[in-house]
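Remarks on the structure that follows.
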Amino acid sequence: MSNQVFGNDWVERFKDRASVTIAAGITCAFLGDERNLREYLVADELVKALRNEGHIVHFLLFDDDMDPLNYRQLRVAVNKDQSIIDQFEPFCGKPISDIRSPFDDKLTWAKHFENQFLNRLSSLDCHPTLIRTSSLYSRGMYTPYVREVLLNKDTIIKYLEDTFAGYHPEKLYWPVCPTCGYIDCTHVASANETEVHIECERCGKASWIGYDELRGKLNWKFDCAARWSMFNIDVEPFTKSYLEPKSGSFVVAQGICKTFFGGGKVEPLHFGTVSMPKELGCRILPSLPASTLRNMFVKNYKADLDINEERIVVEASRAEVLPEYNFLSVIKQLLPAWLLDSTELTPVQRELLSKGMRFSKEFLHSEVRPVLPNGEKLESTPIDVLRAMHSLLQRIIVLRESFPNNYEAFIAPTKATIDKLGEQRKPVITHLRRLVGQEQGLPNSRFLFLLPISYLENLESMVSLYLAAKGRKETFAVIDPSALEVPFSLVNTERIAMDY
Ligand SMILES: [Zn+2]
């Protein structure tokens, strides 16, 4: 199989199927940190693997936006801003689809955080189709399931007690009170073929309401079972705690789905839990390239993942983000030159630049600084070596301009140019690498290809000026090499970081 993450069994399972539907669920009450990403990235990896095998794959993300907002979610959502907490605390207990966003009057609470979450997933190349359960309820898609549950309550409870020892659901359905709009303190007192009798402990009102006007949500396991049946779901990711074989959430939902909702078999995609110290929260996403972060969550997806600072640095040192470069070597060897001029950088290189600067600060505890070849470094380079370096730079600039995006075409003439230096090859290359802060061993043609052309041009004119000054110095004996330190125009690095 082409995908290295999933074994053959996943491909075998669906080999006779034209289309496969993979689902995942979320409650978009707040954005949160990176911990919950694994579920969606593992599901997406399976989506990609099956698409790669030629299947049509639907990837559905259900937002349980009929869930009531609770106080803990409110605090996290507004970043503990006490004035917003005071303003929105009275709404706790209402469905998040019925509360306006604290940050945008035109959006509901749920839509605001859905947008943020989908943007986050999209930045990680994960693009599910979002389905709001509130829309499914309001369009009547759940009505047959709600009727089935409310009219056969006793049979269902008996089935659950007989089949899943120890499982006694508190409620099968949570109605929204038609008087006060809260969902957290309501219950169905009774139901008949046409109406449902609702009681609300918040406002103390009781009301009879028809199925068409009824608003509310099924108990989560029933809700899950209903949408599996509604959308013919084949796969959904779950952690171990949901997969306990006797009365875990998955097996209960599967039993309800098959027995009462006419649904089929769903394959649980088991993924390991993620643990991470709180202080790492929201520092990983802006610091790691999307491919590196994805890889960390997705590879060995069955094993539990313990994320800490050391782990992040190890991931950065392993992940190849450019040919022959891992992320750490990009940060140490390329960023100092890229910082001087980012105008020529490709979108991939710009992502590496902004993430690399943040990574260096967060996890290496140092700022990336541009490397300027200065007068002092030039002073310690023998004149004949500088002269040979100068002609090499002139030639490399011509080659770079001739093959702007074609490394393969650039290699051969570059190697030939370097070889022509003969005995001076070694000292020229050594001093050049020292000048640009690239002393570690990457192939010469590779680093000469990755340095911005403007950087090479500036370096060339600097060496040229120095050689001219040196010539005059031999005559007049007064020149200050430090005067040569500023021909570079530094770009605003804050600005680059903000672009991402
Ligand atoms: Zn009420």
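One is the number of the first residue; the rest follow in order along the sequence.
- Salt bridge status for Asp184 with Arg202: present, with a side-chain N to carboxylate O gap under 4.0 Å.
- Considering CZ of Phe261 and OH of Tyr145, their distance stands at 7.5 Å, rounded to 0.5 Å.
- Side-chain contact between Phe14 and Val235: present, with at least one pair of heavy atoms (C-beta onward) separated by less than 4.5 Å.
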- prompt: Between Leu46 and Val20, is a side chain to side chain contact (heavy atoms under 4.5 Å, CB included) present by the stated rule, with each step listed?
  reply: CA-CA 11 Å; Leu46 183 59; Val20 180; over 6 Å; no
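- Checking side-chain atoms of Thr186 against main-chain N and O of Ile183 turns up a donor-acceptor pair under 3.5 Å.
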For residues 82-95, tabulate all N or O donor-acceptor pairs below 3.5 Å that involve a side-chain atom, not counting sequence neighbours.
residue	atom	partner	partner atom	Å
Gln82	NE2	Asp86	OD1	2.9
Ser83	OG	Asp81	OD1	2.9

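- Between Phe113 and Trp109, the angle of the ring planes lies from 30° to 60°, which puts this pair in the tilted group.
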- request: Take Leu353 and Gln349, measure what side chain to side chain contact (heavy atoms under 4.5 Å, CB included) needs, and give me the verdict at the end.
  value: CA-CA 6 Å; Leu353 174 58; Gln349 291 171 335; over 6 Å; no
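- Using a 4.0 Å cut-off between a side-chain N of Lys or Arg and a carboxylate O of Asp or Glu, Lys48 and Glu45 do not qualify as a salt bridge.
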- request: Take Thr194 and Asn192 through the side-chain hydrogen bond (donor to acceptor under 3.5 Å, both in side chains) test and state the conclusion after the steps.
  value: CA-CA 6 Å; Thr194 52; Asn192 60 37; 3.2 Å; yes
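- Partner of Trp220 under the ring pair (Phe, Tyr, Trp, His ring centres under 6.0 Å) criterion, chosen from Tyr242, Phe250, Trp174: Tyr242.
- No donor-acceptor pair closer than 3.5 Å links the side chain of Tyr211 to the backbone N or O of Thr143.
- Distance alone, capped at 3.5 Å, places no donor-acceptor pair between the Arg350 side chain and the Leu345 backbone.
- Remark: His112 pairs with Phe103 by the ring pair (Phe, Tyr, Trp, His ring centres under 6.0 Å) rule, at least two apart or across chains.
- Side-chain N or O atoms of Lys355 include one that pairs as donor or acceptor with a backbone N or O of Leu288 at under 3.5 Å.
- Using cut-offs of 30° and 60° for the angle between ring planes, the Tyr159 and Phe164 rings count as perpendicular.
- Within 6.0 Å of NZ on Lys299 lie more than 12 heavy atoms contributed by other residues, nucleotides or ligands.
- Shown here is Arg318, whose CZ atom has no more than 12 heavy atoms of other residues, nucleotides or ligands within 6.0 Å.
- For the pair Cys126/Phe59, a side-chain contact is recorded, criterion being any heavy-atom separation below 4.5 Å from C-beta on.
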task: Go through the steps for Ser134 and Asp65 under the test side-chain hydrogen bond (donor to acceptor under 3.5 Å, both in side chains), then give the verdict.
output: CA-CA 6 Å; Ser134 67; Asp65 65 342; 2.7 Å; yes
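- For the pair Val78/Phe30, no side-chain contact is recorded, criterion being any heavy-atom separation below 4.5 Å from C-beta on.
- Between the Arg147 side chain and the Glu193 main chain, a donor and an acceptor come within less than 3.5 Å of each other.
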Side-chain donor-acceptor distances from residues 271-287 under 3.5 Å, at least two apart:
residue	atom	partner	partner atom	Å
Thr273	OG1	Asp304	OD1	3.3
Ser275	OG	Asp306	OD1	3.2
Arg283	NE	Glu362	OE1	2.6
Arg283	NH1	Glu279	O	3.1
Arg283	NH2	Glu309	OE2	3.3
Arg283	NH2	Glu362	O	3.2
Arg283	NH2	Glu362	OE1	3.3
Ser287	OG	Arg283	O	2.6

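- At distances below 3.5 Å, at least one donor-acceptor pair connects side-chain atoms of Ser138 with backbone N or O atoms of Ser135.
- Thr133 places a side-chain N or O within donor-acceptor distance of the main-chain N or O of Asp63, the cut-off being under 3.5 Å.
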task: Could you walk me through whether Arg294 and Asp44 pass the salt bridge (Lys or Arg N to Asp or Glu O under 4.0 Å) test, one step at a time?
output: CA-CA 10 Å; Arg294 230 187 121 97; Asp44 187 56; 2.8 Å; yes
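- Summarising the local packing, CG of Asn119 is surrounded by more than 12 heavy atoms from other residues, nucleotides or ligands at distances under 6.0 Å.
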- request: Under the side chain to side chain contact (heavy atoms under 4.5 Å, CB included) rule, what do Glu236 and Trp228 come out as? Steps first, then yes or no, please.
  value: CA-CA 9 Å; Glu236 181 154 345; Trp228 286 347; 2.8 Å; yes
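- A distance-only check finds no donor-acceptor pair linking the side chain of Tyr167 to the backbone of Asp162 [under 3.5 Å].
- In this structure the side chain of Ile96 never reaches within 4.5 angstrom of the side chain of Thr108, judged on heavy atoms.
- Both tests pass for Arg446 against the ring of Tyr407: distance under 6.0 Å to the centre and angle within 45° of the axis.
- Using a 4.0 Å cut-off between a side-chain N of Lys or Arg and a carboxylate O of Asp or Glu, Lys246 and Glu244 do not qualify as a salt bridge.
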